[in-house]
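Structure first, commentary second.
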Amino acid sequence: MASDDVRVRFAPSPTGYLHVGGARTALFNWLFARHHGGTFVLRIEDTDRSRHVSDSVAKITDDLRWLGLDWDEGPEVGGDAGPYFQSERLALYSEQTNRLLESGDAYFAMESPEELAAMRESAASEKRSLRYARPDPLPTVAEGLAARESGCGVTIRFKMPDRDIVVNDLVLGAVRIAQEELEDFVIQKSDGWPTYHFACVVDDALMRISHVLRGQEHLMNTPKHVALQAALGFSVPAYAHLPIIFNIDGSKMSKRDKEKALKKGLPPPEIDVHDFRAAGYLPEALLNFISLLGWNPGGDREEMTLDETAGLFSVDRIGSANAKFDRDKLVAFNTDWNARVSAERSLAGLKDFAAVNDAALLSLSDDALTYLLRVSQGFRTFRDIEGKASFLVTPDDAIEYDPKAVKKVLAKNDDAGYAMLESLLGPLEATGDWAPEPLEALLTGLCASNGIKLGAVAQPLRVAVTGSTVSPPIYDTLVILGKERSMNRIRRALELRRATA
RNA sequence: GGCCCCAUCGUCUAGAGGCCUAGGACACCGGCUUUUCAUGCCGGCAACACGGGUUCGACUCCCGUUGGGGUCACCA
C-alpha cells in the first residue's frame with residue numbers, strides 16, 4: 001500500500017485521565033502510523049455531554065505527550081480533516097443523517113427511554129432477549145419531525161439491512177454476524193446529537209481513516225459500522241481488534257480498583273497513565289512493556305526503544321488472546337530502563353516525578369539530584385529515590401528515628417551502636433576533606449584496626465544521620481549531607497538516646 | 001442466557017506439521033557479590049486444557065468438550 005494512504009486515529013472520550021488500556025490502543029495506532037510513514041490522528045469523542053469531565057482533554061493530551069506519542073492531526077495541532085472534536089461536527093452528522101432519512105435507510109422512532117427499559121425488563125424476566133421491533137408501517141419523516149416539534153423525544157434509528165454482516169478483521173479473520181442478531185440501532189439521540197456509532201463512522205470516513213485498531217470490546221460494534229458504511233456509500237476501513245488487557249487476577253483494569261484498594265487500606269494500583277507517571281515509572285519502560293501485551297516482534301527480543309518498536313511493528317504479529325498486566329514485570333522493565341537511560345534523561349524523569357507529586361525533592365538542586373541518581377543505581381522507580389532521599393530534605397532537628405532501626409542498630413548489645421557513634425565523633429570531626437575517599441579510608445581503617453566489619457560502623461552512622469537503615473552508600477550519604485549537617489545529626493542522635501535512657 | 005472471540009510455564013510470550021529433550025523474559029526457589037535498601041552474577045522449578053479426527057508424523061490443521069473473555073443502552 002502507498003505509505004501516505006495510512007491514516008489511523010485514537011479517539012478517546014474526555015471522561016478523565018488516559019487509561020492504560022487506552023494508552024495501549026493509542027500506542028499501537030501510533031506504531032502502525034510511524035511504521036508506514038502514515039498519519040496519526042487524535043479525535044475527541046465528546047458526544048455525551050453528561051459524561052464530560054472538565055479538563056480531561058488536557059489530561060489526555062498531557063499523558064500522550066508524556067508517553068511520547070505525538071499526533072499529526074488533532075487538538076492543538078489542527079489538520080485539514082478537522083474539527084477534531086465531535087461536538088464541533090454536529091452539522092456534518094445531521095447532513096449524513098438526512099441522507100439516510102431520504103434514502104429510507106433510517107427512520108424516526110418514538111419510544112421513550114422508559115418504554116424501552118420496560119420492554120427490556122419484561123423480555124429479561126421471560127428469559128428472552130429483546131430485539132427492537134421495527135414499526136410497521138414506519139413513521140414518515142414528516143410525522144417524525146412533527147413529533148419532535150411537539151416536544152416528544154424522538155430518536156433516529158438505522159434500518160439494519162436484511163442480511164448477515166461479515167467483518168474482515170486483520171487479527172481475527174472473517175467474523176460473520178447473522179442478520180437476526182442485529183437490530184435497528186439509534187444513530188441520533190433525542191437531544192439531536194449523534195450516537196457513538198454514527199459519529200464514529202462518519203468521522204472515520206470524512207477523516208479518511210484507513211485502518212481502525214481498537215480494543216476487542218468493539219468487535220460487536222463493527223457490524224453496525226460496516227452496515228452504516230455500506231448505506232452511506234463509504235469505504236470500509238481495515239479493522240484490527242486488539243486483545244484486551246486485564247488485571248493479573250483476570251478482573252478488568254478499572255479506575256474503581258483504586259477506590260476499592262483504598263477502602264481496604266491497600267496502596268491503590270496504577271490504572272491510568274497518570275498513575276504510572278506519579279508512581280515514578282519511566283514512559284520508555286511503560287511503553288515498552290505494554291507494546292508487548294498482545295504483540296511481539298518474534299524471537300526473544302524484548303527491550304526496545306519506541307523507535308525500534310515502530311520499525312518492527314506489524315499487525316500480522318498482533319495476537320488474539322487477552323493478556324494480563326503483570327506489574328512485577330513492568331517494575332523489572334523499569335529497573336532496566338533506569339539503568340540504561342542517560343543521566344540527563346534520568347534527571348528529567350526524576351524532576352517530572354517530583355513535579356507531578358509536588359514532592360519535597362523539588363527543593364533539591366539539579367546537582368544534588370544527579371548525585372542522588374548516580375549513587376542510587378539499581379533503583380527500580382523514582383519512588384525509591386524519593387524514599388532514599390527523604391533524609392536530605394528533612395531539617396537536621398526533625399529527623400525521625402525509626403524505632404526498629406534504633407533498636408536493631410544502635411541500642412542492641414548494650415548500646416554498641418551508640419558507643420560506636422561516640423568513638424566516631426572525634427575522627428569524623430578531624431576529617432578535613434569531607435569526600436567519599438577520605439571517609440572510606442577512615443572507616444575501613446577503623447574496621448581493620450579494631451577487627452570489626454564495616455556494617456558495624458556504617459549502620460550506626462546511617463541510622464544516626466538518616467533515621468533509617470536505608471540510604472545511599474554511607475560515604476555518599478555523609479558527603480551529600482555535608483560535614484556540618486552530618487555531625488549535627490550524629491550529636492542529636494546521641495542526645496536523644498540520653499533523653500530516653 | 002443468545003451471539004461472538006480466545007486457549008503453550010503462575011504471568012507476557014517464541015513456535016507458521018518433523019528443527020521441541022517445547023526457547024526467552026518476569027515472578028518464584030537456591031547460591032554468590034554487597035556497608036543498608038536495591039542492583040548484579042550463577043543455578044533451579046515450571047506449560048502445549050481435554051477428547052476425537054487428518055497425517056508416516058501434530059503444540060502446530062479440522063471437529064467437539066471444557067474453561068476464560070467480550071457484547072447484548074438515546075455510553076463510548
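Every value quoted in this text rests on a predicted model; they were computed, and no experiment measured them.
Residue-level contact check: A:Arg327 touches neither bases nor backbone, having no heavy atom under 4.0 Å from any strand. Within 4.0 Å of A:Gly294, counting heavy atoms only, lie sugar-phosphate atoms of the nucleic acid but no base atom. Among the heavy atoms of the strands lying under 4.0 Å from A:Leu292 are primed sugar atoms or P, OP1, OP2 only; no base atom is included. Using a 4.0 Å heavy-atom cutoff across all strands shown, A:Thr469 reaches at least one base atom of the nucleic acid. Using a 4.0 Å heavy-atom distance criterion, A:His197 is classed as a base contact. Note on A:Asp336: only backbone sugar-phosphate atoms sit closer than 4.0 angstrom, heavy atoms only; bases stay farther off. Within 4.0 Å of A:Pro472, counting heavy atoms only, lies at least one base atom of the nucleic acid.
Protein atom CG of A:Leu242 is 14 Å distant from nucleotide atom P of B:C6, rounded to whole Å. A straight line from CG of A:Asp249 to P of B:C12 spans 12 Å, rounded to a whole angstrom. Rounded to an integer number of Å, the gap from CG of A:Asp384 to P of B:C37 is 13 Å. Protein atom CG of A:Leu442 is 14 Å distant from nucleotide atom C1' of B:U35, rounded to whole Å. Across the protein-nucleic acid pair, A:Arg24 atom CZ and B:C12 atom C1' stand 12 Å apart, rounded to whole Å. Distance, A:Phe379 CZ to B:U39 P: 12 Å, rounded to whole Å. Rounded to whole Å, the distance from CZ on A:Phe325 to P on B:U13 is 12 Å. Separating the CG atom of A:Leu312 from the C1' atom of B:A14 is a distance of 14 Å, rounded to the nearest angstrom.
Pair check for B:C59 finds none; no Watson-Crick or G-U wobble contact set falls under 3.5 Å. Pairing for B:U21 is absent, judged as Watson-Crick or G-U wobble with the two contacts each under 3.5 Å. With a cut-off of 3.5 Å on both pairing distances, the Watson-Crick or G-U wobble partner of B:G43 is B:C29. Judged by Watson-Crick or G-U wobble contacts below 3.5 Å, the nucleotide B:A38 has no partner. Here B:C72 sits opposite B:G1 as a Watson-Crick or G-U wobble pair (both hydrogen-bonding atom distances under 3.5 Å). Using N1 to N3 plus N6-O4 or O6-N4 for Watson-Crick, or N1-O2 and O6-N3 for G-U wobble, each under 3.5 Å, B:G67 pairs with B:C6.
Separating the P atom of B:G23 from that of B:C4 is a span of 37 Å, rounded to the nearest Å. Nucleotides B:C9 and B:A49 have their P atoms positioned 7 Å apart, rounded to a whole Å. Between B:U60 and B:G53, the two C1' atoms lie 15 Å apart (nearest whole Å). Atom name C1', nucleotides B:U33 and B:C41: the rounded distance is 8 Å, in whole Å. Nucleotides B:C62 and B:C20 have their C1' atoms positioned 23 Å apart, rounded to a whole Å. Nucleotides B:G31 and B:U66 are separated by 47 Å at their P atoms, to the nearest Å. Distance noted for atom P between B:G24 and B:A46: 14 Å (whole Å). Spacing of C1' atoms, B:A7 relative to B:C48, comes out at 10 Å, to the nearest Å.
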> Passes side-chain contact (heavy atoms from CB on, under 4.5 Å), A:Leu90 versus A:Trp193? Steps please.
Replying inline: CA-CA 7 Å; A:Leu90 266 22; A:Trp193 287 54; 3.8 Å; yes

>> Between A:Arg43 and A:Gln86, is the side-chain contact (heavy atoms from CB on, under 4.5 Å) condition met? List the steps.
In response: CA-CA 8 Å; A:Arg43 179 173 78 218; A:Gln86 291 187 329; 3.7 Å; yes

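Taking only distance into account, the side chain of A:Lys329 meets the base of B:A25 through a donor-acceptor pair shorter than 3.5 Å. Residue A:Arg462 places a side-chain atom within donor-acceptor reach of the base of B:U35, judged by atom type and a 3.5 Å distance cut-off alone. The base of B:C12 lies outside donor-acceptor range of the side chain of A:Lys324, with no N or O pair under 3.5 Å.
The cationic group of A:Arg134 does not satisfy the cation-pi geometry with A:Tyr132, failing either the under 6.0 Å distance to the six-membered ring centre or the 45° limit from the ring axis. Note that A:Lys324 lies outside the cation-pi zone of A:Phe246, set by a 6.0 Å cut-off to the ring centre and a 45° limit from the axis.
The listed nucleotides are B:U35, B:U13, B:U39; the one nearest the side chain of A:Ala458 is B:U35. Looking at the side chain of A:Ile474, the nearest of the listed nucleotides B:U36, B:U35, B:A27 is B:U35.
Closest approach of A:Phe391 to A:Ile480, counting heavy atoms only: CZ-CG2, 4.0 Å.
By the side-chain hydrogen bond (donor to acceptor under 3.5 Å, both in side chains) test, A:Asp402 is found to be paired with no residue, residues two or more places apart in sequence or in another chain being considered.
The distance between the ring centers of A:Phe276 and A:Phe353 does not fall below 6.0 angstrom. Aromatic rings of A:His218 and A:His241 (six-membered ring for Trp) have centroids beyond the 6.0 Å cut-off, not under it. A ring-centre distance under 6.0 Å is found for A:His225 and A:Tyr196. For A:Trp295 and A:Phe313, the gap between ring centers is short of 6.0 Å. In summary, the aromatic rings of A:Tyr281 and A:Phe382 are positioned with their centroids too far apart to meet the 6.0 Å limit.
Sparse packing is recorded around CD of A:Glu121, with 12 or fewer heavy atoms of other residues, nucleotides or ligands lying under 6.0 Å away.
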> If the sugar-phosphate is the primed atoms plus P, OP1 and OP2 and the base is the rest, what is the B/S/- string for nucleotides 60-75 of chain B, using protein heavy atoms under 4.0 Å?
Replying inline: ---------SBS-SBB

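Across residues 159-175 of chain A, A:Leu172, A:Val175 each have a non-hydrogen atom less than 4.0 Å from an atom of RNA chain B (numbered order). Residues from residues 447-455 of chain A with heavy atoms under 4.0 angstrom of RNA chain B, sorted by number: A:Leu454, A:Gly455.
In terms of position on RNA chain B, the residue among A:Glu181 and A:Ser376 whose nearest nucleotide sits closer to the 5' end is A:Glu181.
A salt bridge (Lys or Arg N to Asp or Glu O under 4.0 Å) check over residues 145-161 of chain A, counting only residues at least two apart or in different chains, returns nothing. Residue pairs satisfying the side chain to side chain donor-acceptor pair (under 3.5 Å) criterion with at least one member in residues 436-453 of chain A, sequence neighbours excluded, are absent.
Once rounded to the nearest 0.5 Å, the distance linking CG of A:Leu292 with CG of A:Asp326 reads 12.0 Å.
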